[in-house]
Structure formats: C-alpha cells, structure tokens
Amino acid sequence: MPIIKLPDGKTLEFNKAVSGKEIAEKISKSLSKQALIMTVDDELKDLSYLINNDSSVKIITPKDSEGLDAIRHDTTHIMAMAVQELFPGTKIAIGPAIKDGFYYDFSRKEPFTLKDLEKIEKKMRQIIEKDEPTKREVWERKKAKEHYKKIGENYKVELVDSIPEDQEVSVYYHGKWYDLCKGPHLSSTGKIGKYFKLTKVSGAYWRGNSNNEMLQRIYGTSWPSQKELDEYLKRIEEAEKRDHRKLGKEMDLFHFREESPGSVFWHEKGWSLFQKLVSYMRKKQDQAGYKEINTPEILDRSLWEKSGHWEKFGENMYTSETPDEKIFAIKPMNCPGCVQVYNQGLKSYRDLPLKMSEFGKVHRYEPSGALHGLLRVRAFTQDDAHIFCTEDQITEECLSVTNLILEIYKDLGFENVILKYSDRPEVRVGEDQVWDKSEAALLKAVKASKLEYSINKGEGAFYGPKIEFVLRDAIGREWQCGTLQVDLNLPERLGASFVDRDGSKKIPVMLHRALFGSLERFIGILIENYSGKLPFWIAPLQVMVIPVSEDFDTYAKEVNQKINNIGINSEVDLKNHNLNYKIREHSMAKIPLLLICGKKEVDSNTVTIRRLDSNKQENMEVKTFLKKFAALNRAPSN
RNA sequence: GCCCUUGUAGCUCAGCUGGUAGAGCAAUUGAUUUGUAAUCAAUAGGUCCGCGGUUCGAAUCCGUGCGGGGGCACCA
C-alpha cells in the first residue's frame, strides 16, 4: 500500500504497486499527457517503474530541466538507431544529452557527410512515427559483456566494465534496436515529438582521451516544441552575427594572415581601441598603487630552466637560436622577468606589498586546433601584475585585486561575475605544505569576496592555486578573463627575498594577477558583448561629421576640428554621396554618433546628433555638445 | 596535434560532369548637391592559397604543404 508524496505536499494512497503513469493520470489528465519521466525519492525513473513503498514522487514534464534532458537523451538514442539501420556495421559508443541538445559518438570508417545527416534525420522521423514502446531490461553483467563482445560492440564492452559493481546493467529497447543505458527514457519513441535537428559532425576521442581512437560525433538539438526549436536556432544565428571575427573585419579593426597564425595584425581603429583600454587600466592601476615596469621579450634559456618553465611549459614555448648558437626563449609569461626587477636592490618588509604591473606581450605556441580569432591566439598582451607580499598579506591583497577587477569589469559593462577556484594540479613544482598554505589563503579570499564560486579540482597553475574571474555577457555566455594566482614557489626558485623586521632574510609570496587576462581576448569579448556597438568612451572612432551637401563642408570641418581638439576621435565625411548613403554607411560601421551639418546647423551654430541604433534627431549647440561629450569621454568610474 | 570541412577580385559569393573566370558591393572617374539607412553612369580590378602530378588542356581531378571554419584534445 504505497503512499505517494507529491511535491506540493499532497499524498496519494494506492492499494498496490503503482507506476508513474498511473500517478500522473490520477493527478490530472493534462499532467499525464505531458509526463515524460519521474523522480522517486529524487532518483530519476521511467514512468513505467513500479513503486512498492512509500515514496516522494515528482512527475517530470518538458518544463523541467530533467524533462528536457530526457527528450534529448531519447532523441540521441533514436539517432543512433537510425544510423545503425542506415549504415550497418557502425559501432556505437556514448550518446548523452548536453546543453541545448545531444550527441552520439560512432565508429565507422567512412565519414558521415551533411547529406548523411539529412538521411539520418528522415529515418529518425520514420522511427518516431512508428511510436514503438521503449522497454527496459536488466541484464546480467556477464551476459551483457559477452553479448556485446559477440556482436563486436567493443565500446559497449568497455562501458559495461566501467559500470560500478553495485549498479544494475540495464538495456533499453525501441523495437528491435537496443542500447546499454542507465535511463530513464520516455515510454515510446513517439513521445519525443518532431522538434529536433541534426546540426554538425565532428571528431571526438573515445573517452575524451587524445591517445584513444577518434570517433565520429554527430550533434543535434531537440526541443519540446517548434517554437522552442526556432528560438534556439535564432539564438545561434544571433550569436553568429556577433562573431568578433566577422565584426572585426567589417569594422576594420584587425586581421589575421598565414604568415603568423594566431597573431593579430591590428589596424588603426583596432589599435586605438586597444590603446584606450591600456590607458584606462594604467589610470586604474596608478590609483590602486601599482608601479608599471617592462621586461625583455627574449630571455636566456637558463632563466626558464631556473623558473621551471622550461620543464613544465616547454612544449608551448617559442625558442630562438642566435648566430652564436645561444638558445633564448620568447617569454610565454612575464613573471620571471618581473622577479628579476624585484631582485634589483635590497627589499625590506617595509616595501611590501610591492605591486609591479606590466603590459607584457607573451608568445605561446598553442596547438593549431585551439586558435580562434582574438579569443585564442599565440601572441597576446597580458595586463599583468605581480604583487610581492608576506604570507599574512595574501588574503587582503587578493581581496583588493578582486575589487579592482570587479570595478573595471563594471566600467566596461560586465556586472555579472563569478569565480572559479582551482587547486593543485598533478604536474607541479613545490612542496605539499607550501601548497596547503597557498590554497588556504586564496580560498579565504574567495569566500570573503562573497561572489558565487565553483571549485575546479586539480586545475591550478603548476606553481600555485588560482582563481579565475568569469563574466557573463549580454547573451548569457560565460567568458573566463581575469586570473589571480598565489605563488609560493617562483620567488624562491629565482632567489627573491626581503629583510624582515627582525633583520632576517625571508622569501616573499608572489601573487600573479591579470585583469582582462589578455587584451586581445578581452577585445574579442567586448566586441561580441556589444555586437560591435561599443560604448562611446571606448569606441575607436566616436563621431562622424556629415555635411548635408558640399556647401557645408567648411562648417563640418570646423566642427570636426573642435571635437578632435577635446580628445574625441572624430572624422568628417566629405565624399560625394547623399545623406542617406552616408548615414547607412556609418551606422553599419557602428560609429556611436553621427553629426549632421546643413543650413539649419550653420545658421544656428549647432549640430544635429543621430545616435547609433536610433533615428531620433537631437539638435544641440556646438558648445553644448563639446561640454556634454567631453564628460562622457571617460570611464563611468572616473 | 586529431577528425571533418573549406580556400575564386578589397568584401560577400557564383562558376554543372575538365576547354586559360563572372555578379553585387567597395574603389577610381564623371554627372548629380542631396535633410536622416544604398543617386546615376563609365572605368579599372584576379599567380582561381602554394608546390607537384594526371591530361592535348586544370579554378575544376589526384597527391602534398600552408591557412580558415566546426568539433575533440589542449588552455600553465
């Protein structure tokens, strides 16, 4: 006589074992129609699962994230079934639901083509049409293994092996096709609806290990309704429109070329944006007590051996050989150089904390497949700094770094920031006790920041634990930017010290921190966040002055000169095109302000402003304009 | 690095099964003097990514290298 407790607190009593389907029907007709799976005492189960004992039950519908996952999981099973029917001999590996969709990994000699995807989709629709019931069976572990061995599904054999001993080995059937699967699944193939689409094929290593063979992965997306599917596809399209590679070209900011893959050729406008960010940060760092330094880009191999980079990071380092056969490395990080500057002259505890910043250009030989526009490059400028301090100062210094970073993000329009804390990796330098100390101090700062955070086990830098600052952009994507790392190893390796209060020599702690991480990457993120429509104060070309006709060229030139004189980047468009044409052209170039000058303006000594993304006209005296926009030509916090 | 895919004018792209390239926009020149998202016309513009091969003949087919894109792995 199970008593079923529902999420709203109500209870239902049954006089025999009861299935989810029956419970849903008892609650309401509409719920039973929408029901996909259920949770029994927080465990996901098929609706057909029979409940014998008193339990808490929640019926899952497409509105729940578990429901959405179930739909996607079912869709991927149906895809795998379609693939095996269409392409006999194809072996199947794994096929989970993922964010916004699903994938399944296959092993087959011939590559799947986009045409194949169409065929597979068609087959899937046929399978769904048949609406065959999905059934679950529990198999003996041994039977499952032998069975899969017999039919040559070697990936499934491995998967059976990896199921923990205390768990059942279950298999799900739709029609004749079956798959090793933990479940749960919808009750029949027709339940998933028809709102799915196969999106792409790619390679993927078996079990995510690059030593294993490469499988073929087919990705798809699946939703409870046409509306949601359309919305998703629209979202993808919108994201593509924001692509900084496309906008960077359109806005004439930068380009890449074969001669230096992964390195940016900055054009005038892009570089102007870059420099605006640098001078903004200089100002912020000055105010926060940083001292800016600069160190060589090429340093002798011996320094990198001492610092540990040669051994731990060598694979990613560019090296150069001189005519006299000396080996130099092009710096992949600024820290060793910075320590050398610290090491000049004796330091006292009174000098600490000592904050040394550096806009250092670093080079890292990233794997070719990792390169991605400005977001992943081989040469980039870090807004780097190293803070030398005592162990007692770690937490406080970390907090002040966090505050600085948050203020800077806010100025640039990012208010939604989360932290990722990473502790010791497997490959590392330094004693475990040292790691214990650094990890504890950093974690304390993380907690004190009161920001949302997650812990990434084993993902710290080889010299110390770290936190990463992740920001969410206008369309909800997360970008890892700033970083803060505690380093109790490098100062010792490179012989840094200070004289303490008692006259003894001690080794300082070093904090590595970067605000944006990489200027290049951050600019990419900025462009995507704003769809290229950058805030006025940071836009490379801020104003375009447009005379209505040739007669007003002189006036337009004068206005342009006055604007440039107060430090706003302005140009005047004297080309022989009509007004409509120019407005269209410069709007598409995403210039924040267009100033129209015609007879009316000349007579009244005014300009008419048209702001990007608005067709309102705003007339203003030139004097007023200059005053107003001079004030807007700096960061909100300044 | 691995799998798939792709590389034609400054840009976006067309060019079927092999017969030495084409459009729109941009550029230049001329006409037009324009009041809030494309005025008209003319002109010029290309080692069809590089190298090698097949062929009487290659942008097109094959091989290879390099680059781009989508993933996987990587991201100290």
Side-chain angles (χ1 to χ4, degrees), chain A residues 103 105-108 110-114 116-117 199-219 240 243 245-246 249-250 252 255-262 307-309 311-317 332-333 335 362 364-373 375-378 422 425 427-429 459-464 466 468 480 483 485 487 512 517-518 521 546-553 575-589 594-601 608-619:
Chain A
Y103 68 76
D105 284 347
F106 301 99
S107 170
R108 171 177 178 246
E110 300 74 29
F112 290 113
T113 63
L114 289 177
D116 292 337
L117 292 197
T199 50
K200 59 195 169 198
V201 196
S202 81
Y205 296 108
W206 166 235
R207 303 213 137 172
N209 184 333
S210 56
N211 296 322
N212 292 342
E213 60 274 38
M214 173 87 36
L215 305 172
Q216 294 191 65
R217 175 171 296 178
I218 300 180
Y219 283 94
E240 274 167 17
D243 192 313
R245 293 167 296 189
K246 183 173 165 275
K249 201 185 258 177
E250 283 171 14
D252 192 20
H255 83 276
F256 289 92
R257 54 194 303 109
E258 280 192 31
E259 291 94 327
S260 191
S307 70
H309 287 83
E311 190 200 340
K312 298 285 190 303
F313 199 64
E315 275 187 13
N316 292 289
M317 282 162 70
M333 294 186 206
C335 24
V362 297
R364 300 178 183 181
Y365 191 71
E366 302 286 356
S368 58
L371 302 180
H372 183 92
L375 301 181
R376 190 83 182 271
V377 288
R378 284 182 175 155
S422 305
V427 180
R428 59 176 184 265
V429 295
E459 290 188 16
F462 71 78
Y463 45 72
K466 66 177 179 187
E468 268 147 2
Q480 190 174 302
T483 169
Q485 306 168 1
D487 186 348
H512 307 239
S518 142
R521 179 177 154 81
I546 305 174
V548 171
S549 78
E550 241 168 36
D551 297 342
F552 314 108
D553 281 5
K575 275 192 234 129
N576 182 9
H577 280 135
N578 63 33
L579 185 59
N580 280 334
Y581 183 93
K582 291 182 182 183
I583 285 177
R584 178 178 150 84
E585 184 185 12
H586 302 304
S587 297
M588 289 197 310
L594 305 184
L595 299 192
I596 315 298
C597 301
K599 182 159 192 318
K600 196 173 87 191
E601 287 75 15
T608 298
I609 304 173
R610 181 186 166 119
R611 293 171 194 258
L612 187 56
D613 265 351
S614 161
N615 51 15
K616 281 204 195 104
Q617 297 175 35
E618 195 181 341
N619 190 258

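Note: hydrogens, waters and symmetry copies are ignored here, and every other heavy atom, side chains too, is used. So you know, we letter chains A, B, ... as the sequences are listed, proteins then strands, and number each from 1.
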**Prompt:** So what does A:Tyr581 touch, heavy atoms closer than 4.0 Å: a base, only the sugar-phosphate, or nothing?
**Reply:** sugar-phosphate
**Message:** Rounded to whole Å, how long is the line connecting atom CG of A:Asp105 with atom C1' of B:C2?
**Reply:** 14 Å
**Complete:** B:C72 -> Watson-Crick or G-U wobble partner, both distances under 3.5 Å, gives B:G1
**Complete:** Scanning all shown strands, the Watson-Crick or wobble mate of B:U28 with both distances under 3.5 Å is B:A42
**Message:** Strictly distance-based, threshold 3.5 Å: is any side-chain N or O of A:Arg378 a donor or acceptor partner for the main-chain N or O of A:Glu366?
**Reply:** yes
**Asked** Given B:A37, is OP1 or OP2 found less than 4.0 Å from the side-chain N or O atoms of A:Ser587?
**Response** no
**Message:** Output the rounded distance in Å from NZ (A:Lys246) to C1' (B:G70).
**Reply:** 17 Å
**Request:** Answer with base, sugar-phosphate or nothing: what part of the nucleic acid does A:Lys600 contact at a heavy-atom distance below 4.0 Å?
**Result:** base
**Asked** When you compare B:G50 with B:G46, how far apart are their P atoms, in angstrom units rounded to a whole number?
**Response** 15 Å
**Asked** Under 4.0 angstrom, heavy atoms only, what part of the nucleic acid is A:Arg376 near: base, sugar-phosphate, or nothing?
**Response** base
**Item:** Donor-acceptor under 3.5 Å (A:Lys582 side chain, A:Lys575 main chain)
**Value:** yes
**Asked** B:C49 P sits how many Å from A:Glu258 CD, rounded?
**Response** 11 Å
**Message:** Just checking A:Lys246: does its NZ atom have more than 12 heavy atoms from other residues, nucleotides or ligands closer to it than 6.0 angstrom?
**Reply:** yes
**From B:A27, B:C74, B:U34, nucleotide with atom closest to A:His577 side chain** = B:A27
**Asked** Any idea which of B:G35, B:C66, B:G1 is nearest the A:Val548 side chain?
**Response** B:G35
**Request:** Scan A:Lys599 against the nucleic acid and name what it touches under 4.0 Å (heavy atoms): base, sugar-phosphate only, or nothing.
**Result:** base
**Prompt:** Backbone N or O of A:Gly308 within a donor-acceptor pair of the A:Glu311 side chain at under 3.5 Å?
**Reply:** no
**Message:** Both A:Met214 and A:Ser549 contact RNA chain B. Taking the nearest nucleotide for each, which residue is further toward the 5' end?
**Reply:** A:Met214
**Message:** Counting neighbours of CD on A:Glu315 that are heavy atoms of other residues, nucleotides or ligands and sit closer than 6.0 Å, is the number greater than 12?
**Reply:** no
**Prompt:** Closer to the 5' end of RNA chain B via nearest nucleotide, is it A:Lys249 or A:Gly208?
**Reply:** A:Lys249
**Item:** Nearest-neighbour nucleotide for the A:Tyr205 side chain, B:G68, B:C72, B:U39 considered
**Value:** B:C72
**Request:** Identify whether any heavy atom of A:Phe256 sits under 4.0 Å from a base atom; if not, whether one sits that close to sugar-phosphate; answer base, sugar-phosphate or nothing.
**Result:** nothing
**Asked** Roughly how far apart, to the nearest Å, are B:A59 and B:C49 at atom C1'?
**Response** 11 Å
**Request:** Can you tell me, in whole Å, how much space there is between the P of B:G15 and that of B:G68?
**Result:** 25 Å
**Message:** For a quick check of understanding: with a heavy-atom distance under 4.0 Å over all strands, which category does A:Pro261 fall into, base, sugar-phosphate or nothing?
**Reply:** sugar-phosphate
**Asked** When rounded to the nearest Å, what value does the distance between C1' atoms of B:C48 and B:G18 take?
**Response** 14 Å
**Request:** Sticking with atom C1', work out how far B:C51 lies from B:C56, rounded to a whole angstrom.
**Result:** 23 Å
**Request:** Using the C1' atom as the reference point in each nucleotide, state the distance between B:G71 and B:U64 in Å, no decimals.
**Result:** 25 Å
**Request:** Give a yes or no answer on whether the side chain of A:Gln216 reaches the backbone of A:Arg108 with a donor-acceptor pair at less than 3.5 Å.
**Result:** yes
**Prompt:** For A:Lys200, which contact category applies under a 4.0 Å heavy-atom criterion: base, sugar-phosphate, or nothing?
**Reply:** sugar-phosphate
**Asked** Looking at B:U34, B:G71, B:A38, which one has an atom nearest to any side-chain atom of A:Arg584?
**Response** B:A38
**Fill in**
The reported gap from NZ in A:Lys249 to CG in A:Asp243 (rounded to nearest 0.5 angstrom) is 10.5 Å
**Request:** Indicate whether OP1 or OP2 belonging to B:A37 is found under 4.0 Å from a side-chain N or O atom of A:Arg610.
**Result:** yes
**Request:** Report which part of the nucleic acid A:Thr113 touches: base, sugar-phosphate, or nothing (heavy-atom distance under 4.0 Å, all strands).
**Result:** nothing
**Message:** Any side-chain to backbone donor/acceptor pair from A:Arg521 onto A:Gln480? Under 3.5 Å, distance only.
**Reply:** yes
**Message:** With a cut-off of less than 4.0 Å, is there a side-chain N or O of A:Asn578 near OP1 or OP2 of B:U39?
**Reply:** yes
**Fill in**
Winner on side-chain proximity to A:Ala370, out of B:G70, B:U36, B:C74, is B:C74
**Request:** Could you please name the partner base of B:G35, counting Watson-Crick and G-U wobble pairs only when both distances are under 3.5 Å?
**Result:** none
**Request:** When you get a sec, tell me which of B:G1, B:A37, B:G69 is the closest nucleotide to the side chain of A:Ile583?
**Result:** B:A37
**Nearest-Å distance once atom C1' is located in both B:A44 and B:A9** = 11 Å
**Asked** Which nucleotide in the list B:U34, B:C72, B:A26 gets nearest to the side chain of A:Ala204?
**Response** B:C72
**Message:** So A:Glu601, base contact, sugar-phosphate only, or nothing? Heavy-atom distance under 4.0 Å.
**Reply:** base
**Request:** Tell me what A:His372 touches on the nucleic acid: a base, only sugar-phosphate, or nothing, going by heavy atoms under 4.0 Å.
**Result:** sugar-phosphate
**C1' gap between B:A58 and B:U8, integer Å** = 14 Å
**Prompt:** Does B:U20 pair with anything, Watson-Crick or G-U wobble, both distances under 3.5 Å, and if so, with which nucleotide?
**Reply:** none
